[in-house]
Amino acid sequence: MKRRRFSEEQIIGILKEHQAGATAADLCRKHGVSDATFYKWRSKYGGMEVSDAKKLKALEAENAKLKKLLADQMMDVSTLKEMLGKNF
């Protein structure tokens, strides 16, 4: 997995600087990120607090775990159906 250069807390701090009146171009230059990255952050984390970002991260991790469990169960069901079809 790719290592992230900025934590959610840092990203939200940068976005709060933008809300305080700093221009996007100045912030991108200051923190060494591209405009596209800044606007992607703004669409994902805009208006959030740090606690909201932590909740979002926890929910995304739980969602990934549940998707994996569902895929495993679907594979088990498929295997059982295949075996039952061969026996009859």
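Counting only heavy atoms from C-beta outward, the side chains of Leu56 and Lys44 approach each other to under 4.5 Å. Looking only at side-chain heavy atoms (C-beta outward), Lys30 and Asp26 stay at 4.5 Å or farther from each other.
Every pair passing side-chain hydrogen bond (donor to acceptor under 3.5 Å, both in side chains) that includes a residue from residues 48-62 is listed here, sequence neighbours excluded: Lys16-Glu49.
Every residue meeting the side-chain hydrogen bond (donor to acceptor under 3.5 Å, both in side chains) condition with Ser34, not counting sequence neighbours, appears here in chain and number order: Thr37. Legend: residues meeting ring pair (Phe, Tyr, Trp, His ring centres under 6.0 Å) with Phe38, ordered by chain and number and at least two apart, are His18. Scanning for salt bridge (charged side-chain N to carboxylate O under 4.0 Å, His left out) contacts around Asp72 gives Lys68, with sequence neighbours left out. Looking at residues two or more places apart in sequence or on another chain, you find no side-chain hydrogen bond (donor to acceptor under 3.5 Å, both in side chains) involving Asp35.
Taking every heavy atom of both residues into account, Phe6 and His31 meet most closely at CZ-O, 3.4 Å. Between Val50 and Glu9 the shortest heavy-atom distance is CG1-CG, 3.4 Å. Of all heavy-atom pairs spanning Gly32 and Arg5, the tightest one is O-NH1, 3.3 Å. Nearest approach of Glu8 to Ala53, heavy atoms of both residues: CB-CB, 3.9 Å. Shown here for Leu27 and Ile14, the closest heavy-atom pair between the two residues is CD1-O, 3.6 Å.
Rounded to the nearest 0.5 Å, atoms OG1 (Thr79) and NZ (Lys81) are 11.0 Å apart. In this structure, CZ on Arg42 lies 14.5 Å from NZ on Lys40, to the nearest 0.5 angstrom. Residue Leu15 holds its CG atom at 12.0 Å from CD of Gln10, rounded to the nearest 0.5 Å.
Hydrophobic clustering, defined by side-chain heavy atoms of Ile, Leu, Val, Met, Phe, Trp and Tyr closer than 4.5 Å, groups Leu66 together with Leu69.
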